[in-house]
Amino acid sequence: MSETPSTSFSTVYRTSEGQVPSSRHLSITHPVVAKRIIFYKSGDPQFRGVRVVVNPRSFKTFDALLDSLSGKVPLPFGVRNISTPRGRHSITRLEELEDGESYLCSHGRKVQPVDLDKARRRPRPWLSSRSVNTHAPRRPAAPAAPSMPRAPRRLLVFKNGDPQSRRVVLLSRRVTQSFEVFLQHLSQVMQCPVAKLYATDGRKVPSLQAVTLSSGAVVAAGREPFKPGNYDIQKYLLPAKLPGISHRVHRKGNARAESRKSGNWKVSITTSDLANAGTSSQIYIVLYGQHRSSVPIYLYGTDGGRFQDGHEDIFTITVGDIGMLFKIRIGHTNTGCSPSWHCKEIHLQNMNSGRQFYIPVQRWLARDQEDGEICREFPILNKGQPILPVTIYELHVATGELWNAGTVANVYISIYGEKGDTGSRQLLTSNSAFNFLRGQINTFFLEAVHLGDLYKIVIGHDGLGSGNGWFLDDVVIKDPTTNHEYVFFCHRWLDQGEDDGKIVREVYARDNSIFSARQKLELKRKETWSAERWKFIKGNTLQFYSRLTGGFVRLHPDGTVDAIGKKTDKYGLFDVTFNKGNVCIFQSHKMRHLSLALDNGIVTGMVSRAPAELRVLYQPNRCALLESALVPGHTVIFDRHGKIAEESSTGYADLSKELLVFVKGIFLNSAVILLATSLYQALCLQPDGTCTGAGKQSEKSYWKVHKVSSEICMFESVKNMRMYLRIKDGHCDGMGTGDIDCHFKIKKNLENASISLESTKSPGLFVGLQPDGQAKPVIYTKDENVFFYPQVIQFGRENPMGMSATPSQGEEKIQESETQKETLSKSEARGSLPSSAAKEIRHSQSSETLLSEDEWKVLVLTGNTGTQANVTLWVYGEEGVAGPISLGKDSPEQLFLPRQEDEFQVEIKSIGEIYKIRIGHDGTSRQPEWSLQRVTMQHKKSKKILDFVANVWLSRIQAEGDTVCELPVMKEGKPIFPLMRYYVDVYTGQLKQAETESEVSLCLYGERGDSGLRLLHKSNMPVRFQRGQIDKFQVEAVSLGKLQKVLLCCEASDKSQYWYCEKVIVREAGTTSESIFTCERWLPFMSQGIIHSEVELYCQEMQINHQPKIQEEANDGDWKVTVVTGDFENAGTTATVSLYVYGDTRCSGPIILGSGKYQLFNPNSADIFKINLEDIGEIYKIRIGHDNSGKDPRWYLEEIRLENMATCELFCLTVDSWIPEDENSGDIWKEIPVVRTSTTPLPVVVYEIRIYTGTRPGAETESNVFINLFGTRGDSGKRRLHQSKSHKAEFQRGQVDTFFIKAVSLGKLKKVLISHDGTGPGNGWFLENVVVKCEEEERSQEVLFPCNRWLDEYQDDGKTERELFSEGCHGTGKGRGSVIS
């Protein structure tokens, strides 16, 4: 046992009130009127108020009073507003203040009232819990800059590894302009390079914001890692003398009293004698008394051997006058090699009064023990009983649904109540494997001495990690002692790059949880209206789609109205002819004299204006209600047959009123739009060329529409010209150049008035978003990640007849040549165009321009037949290729006329000595045929001329049927490389439906470049690419040398046009040798969820060295999955198949293998996939299934083989079953245990599930219900409860439905996750409880999961998914289950 004095000290100094100075000028004849006023803090009933004497000499201006109060009233941005106690009237002049009155101070216009009677009362023992400050400055501090929170005035800086080397730094504005400036200042102060900062417990401090989160001290380090040490803030911030003999000046009569009250305490802490009970961490203690609390006091010894197994350590601490002790908090910093600590007991003795307190602890403070907490609170005992109970608060932390709303940073919270606070606690262990994901509600449990009524929280994060920004929606805290819920509504970013840049927020509780929910709903409605109000601008043409009927609202010539119209119905269009706020008039587009109106509650068409004024009320689900402006409450309403109805007769609640609003003409050519991804986020092009859905709705997110055809568009960034949205090579970015990769088909989603963008080059792939907002190609699954809500910034116009919307022709040519050159140079600087590509330069405007080494003049001579198609040139050199180069001008109709020579200026960079060119056209326009006579290229600086004699027809119907030709460079009358004719034989396979009508293209690659992509148009067969057929084609190109590979491309619009190619054989003219390129695959094909319309085939002799692109080298954790479909006529599936793999470390999550729509999972086929299962552990089961989509989704799965590509470990899992097992079964998943020789496989268990629907009115549901069972061995996956065994109609009021699902044994059941999809007219559901029963060889169990809550968007808390826990499982659900037997 040892006794060590601790010099830690904490105290509170009150700020002296200003004294009225005596008058120096006797000439003043009027008495000075002094007003004695008390100022309170907005929303904080625990703040006791500041008494201030106001007169013309103490405060000459109102701003001077605000500055003075900023130093006395703790507000984030200082005092910027003074108002009356109820917050109704703001004070703006000194004359408005009244003597003897009280006022509220706030930092904004919004004021939260305070109960002044409660604030004036003498505080109870537990009220004052604020940390102790240093002595208040004499002059009020200026408010912190808005870009960062107010920083502490003094910061203690330790040198890394040397606690004795320290400096106190003042955080002035000069040194806190940026984090880099602050580090430079510390380098000068510490006299050593400072590159990193750490908190005293070793956590990294990455920013100025994080500095404010520190406990007043940081550790300064260079490039080296953190070095532990006794970095004790209390020891080194101690004043030179104890308070009793301090040189500080106190008010008269207080010095002796304060000296007498200063509290010395003897603290005795006993560590348990359990194994490894001692700790290497730094221990601290906080004492709470009736006056206030101490700061955290670190307990340390001179020899460093504290808190070892079975030892008692004694300390003497000085904390000042805290009043009667009522609780303590003890914890540690979780540092060192062995941080875990088991404390046995604590003894405290007030050395002034002699009172002793005993606290039996017997708890672990360890991350790996008990509940994982390293900080605990204990109440003081009175006659053996605690003064206050210990409570386990239940915290529900809701992360917002914005893209990139989640965070990987460490989150901390401090809860404040009328009986103190919890101190800062890390939210670490929740009900989810990963915390703070987008749209997720995490439940935590926090143990503390009961705080009484809660009134605020302080919540923030440490800013660590790549995705550290966080959008916090709200925090709900349930007090189990009083069964009361407190709602803390935030709905703001905690992100240095968003909002006001704060990562810590102070949030006050709402008085009423129901009222808070209404406020939240009202805020969501306002946000939705703000996002949708652009639709109701005067002059817009709208359509209204009824969610209930699935039809559009129509106004007929006779004035009748219904909601069963088609999208193209001429009576379903309405023009906005009047708009004032959210009140509009919707005039029939077809019949200008009629408008949509509500007359005495009846929907009709009327001529009169007054009944036609309708108020638009938006709901959070982006649906609008149309309400009469004259008679509030009367709304446009339809029954399920589309007829107008009265509100009492529909029976479908708000669904009968909800209308989705569509605007006509959004995607006209040259329109500027936003692709909104949420209410205030949009798809945005980032500086590195990637796209994110988490961008702000600003000019950076504007896209210009280039209309290619009726449903196909391209999207060009307005901020970064010539950068287009595209999907290419499995990536989605904004680096497109306007080619086919940038073409998107607009899919309109009627269910939510959104659109989805489908790639025309890769049908089935859509622009999608990952949870962090990054864009990527995905398969359409009706998930929100493919939904975009367009907003028109500037409407476009219809395309002129015969004009294309390609970048070269679809844009208005209004810029001068020099402007175009400047734009091109900017594009090159951005990297949006390849460095070797040639850029078209228009006719020069000045002959005085300096000639460049890269400038060429190109002359094209047309024969007797001209063309209006788009002409393109490629130039090949020894060091590269330039192209495609578009040969066009401002007046394309004047180009390539018969017997005309056209001149172009082009730029060709760094391709070396030119040896061939390729020229052709795209076959478009009314005159696609072209007779090309000659091409001449002249180097403008050296005057070197290359002459290419062509004399060819470029036509689909003339000569060889090719629209492209290659011409070699001639040297001494001979070509450098000869023209070569290649004979290409294409073999279509014998499989069923192997034929195609789609266009097939081919590109040959050899030692000397490529032939370019050639359309295989003119075959020896009357109908191309038929089943079992050999089609012969000819390709003429400059000799390629030895052939190396073939690129084969098939653009198919639907499954029926997919093509199965067996092989391609190529032979040069005049030779007998052949190059064989084996294909044996469908085109297009899908690999790991990505559709590929082209494939590279390598010559057979090179196959060993050149595998196809999808067969990449194996990485760590790569497995080959072989899926064998049965040998039945209808064994294949049209659905999308997904796989889950479970290991003893983690589950893989859903792996989309592919879709039967893309020629996968055909009868008697084996499909091979490569997946990555790194760090998954030892595999014990898999789950495979499909989404039940397509015309024929039912699938017979024969076998699955998993092979570890690194170790060659192989699992053969026999299935031999239909999925689903029978046509009436709704279970589209199958679980299979993995069989190992060393262990017995887990059994497949049948789980009987009984669902008890409540007896409340409207408790039944017609929605699809899903359940996921969780046990000690994983989960069953989300299964649909389909076909009740006890009733034909499922989930009826007061009914018990029984279902069965099969799953690999889950062990002891812990919880269920149950939900419904909200479909059907009666989608709300009141669930009473769930009972799950199963029997295994070793045991049987029947577990009750009570609920007794609504799963209804419009009832209770609006949730349609609930987590229910069984008894004995420390879960976080609203109910607890019990084991029946």
Side-chain angles (χ1 to χ4, degrees), residues 41-47 74-76 106-107 110 112 114 126-131 149-150 209 212-213 215 286 288 293 327 329 373 375 377 391-400 405 407 409-430 435-436 440-463 470-482 484-495 499-500 502-513 515-517 519-520 1372:
K41 180 182 176 184
S42 170
D44 189 354
Q46 310 306 323
F47 186 77
L75 286 168
S106 63
H107 64 262
K110 189 174 181 181
Q112 293 183 338
V114 170
W126 47 77
L127 286 184
S128 181
S129 59
R130 289 184 288 274
S131 296
R150 178 185 293 272
Q209 295 243 7
T212 67
L213 286 175
S215 58
V286 184
Y288 282 75
S293 67
K327 79 168 181 178
R329 181 185 307 124
E373 289 294 327
C375 167
E377 289 190 353
T391 302
I392 299 179
Y393 290 95
E394 186 177 314
L395 284 68
H396 301 274
V397 182
T399 300
T407 185
N410 298 312
V411 174
Y412 298 84
I413 192 172
S414 182
I415 306 172
Y416 291 78
E418 60 179 354
K419 301 176 184 178
D421 64 77
T422 63
S424 180
R425 308 284 190 95
Q426 184 178 354
L427 298 179
L428 191 64
T429 305
S430 78
N435 295 332
F436 314 114
Q440 180 176 282
I441 298 178
N442 296 105
T443 303
F444 303 86
F445 292 91
L446 192 151
E447 180 182 296
V449 172
H450 193 254
L451 300 171
D453 290 334
L454 307 183
Y455 69 93
K456 79 170 181 180
I457 61 171
V458 176
I459 190 166
H461 61 80
D462 57 8
W470 185 33
F471 189 90
L472 173 62
D473 212 349
D474 58 49
V475 178
V476 178
I477 301 179
K478 184 176 180 180
D479 183 349
T481 303
T482 62
H484 187 74
E485 283 190 355
Y486 300 86
V487 179
F488 301 85
F489 185 62
C490 180
H491 200 65
R492 293 186 70 178
W493 283 101
L494 284 77
D495 192 340
D499 205 339
D500 58 2
K502 291 185 178 181
I503 59 174
V504 181
R505 296 211 178 273
E506 186 176 75
V507 188
Y508 287 86
R510 304 292 182 176
D511 294 334
N512 186 301
S513 60
F515 178 71
S516 175
Q519 277 189 321
K520 189 175 179 180
T1372 57

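Every heavy atom of this structure was used, including side-chain atoms; hydrogens, water molecules and symmetry mates were not.
In this structure, the side chains of Cys375 and Arg425 come closer than 4.5 Å at one or more pairs of heavy atoms. Residues Leu451 and Ile415 are in side-chain contact: their nearest non-hydrogen atoms beyond the backbone lie under 4.5 Å apart. A 4.5 Å side-chain heavy-atom check between Tyr393 and His450 finds at least one atom pair inside the cut-off. Arg505 places a side-chain heavy atom less than 4.5 Å from the side chain of Asp499. Within the 4.5 Å cutoff, no side-chain heavy atoms of Val507 are placed close to those of Val475. By the 4.5 Å heavy-atom criterion applied to side chains, Trp470 and Ile503 are not counted as neighbours. The closest side-chain heavy-atom distance from Thr443 to Ser430 is not below 4.5 Å. Counting only heavy atoms from C-beta outward, the side chains of Leu494 and Phe471 never approach each other to under 4.5 Å.
Between the NE2 atom of His491 and the CG atom of Leu472 there is a distance of 10.5 Å, given to the nearest 0.5 Å. Taking CZ of Phe489 as the reference point, atom CG of Asp473 lies at 6.0 Å (rounded to 0.5 Å). With rounding to the nearest 0.5 Å, the separation of OH in Tyr416 from CD1 in Ile457 is 11.0 Å. Atom CD1 of Ile477 and atom CD1 of Ile413 lie 5.0 Å apart (nearest 0.5 Å). Separation of atoms NZ (Lys419) and NZ (Lys327) is listed at 11.0 Å; rounding is to 0.5 Å. Here the CG-NZ distance, from Asp421 to Lys456, works out to 9.0 Å after rounding to the nearest 0.5 Å.
Counting only N and O atoms by type, the side chains of Asp453 and His484 include no donor and acceptor under 3.5 Å apart.
Taking every heavy atom of both residues into account, Gly452 and Tyr486 meet most closely at O-OH, 4.0 Å. Across all non-hydrogen atoms, the minimal contact from Ser42 to Tyr508 is O-OH, 4.3 Å. Taking both residues in full, the closest heavy atoms of Leu454 and Ala509 are given as O-CB, 4.1 Å, listed atom of the first, atom of the second, then distance.
For Arg329 and Glu377, the salt-bridge test passes: some basic side-chain N is under 4.0 Å from an acidic carboxylate O.
Between His396 and Phe444, the distance separating the two ring centers is not shorter than 6.0 angstrom.
Checking side-chain atoms of Asp462 against main-chain N and O of Asn410 turns up a donor-acceptor pair under 3.5 Å.
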Exercise. Checking side-chain contact (heavy atoms from CB on, under 4.5 Å) for the pair Tyr412/Val504: CA distance, chi angles, key distance, verdict?
Worked result: CA-CA 9 Å; Tyr412 298 84; Val504 181; over 6 Å; no
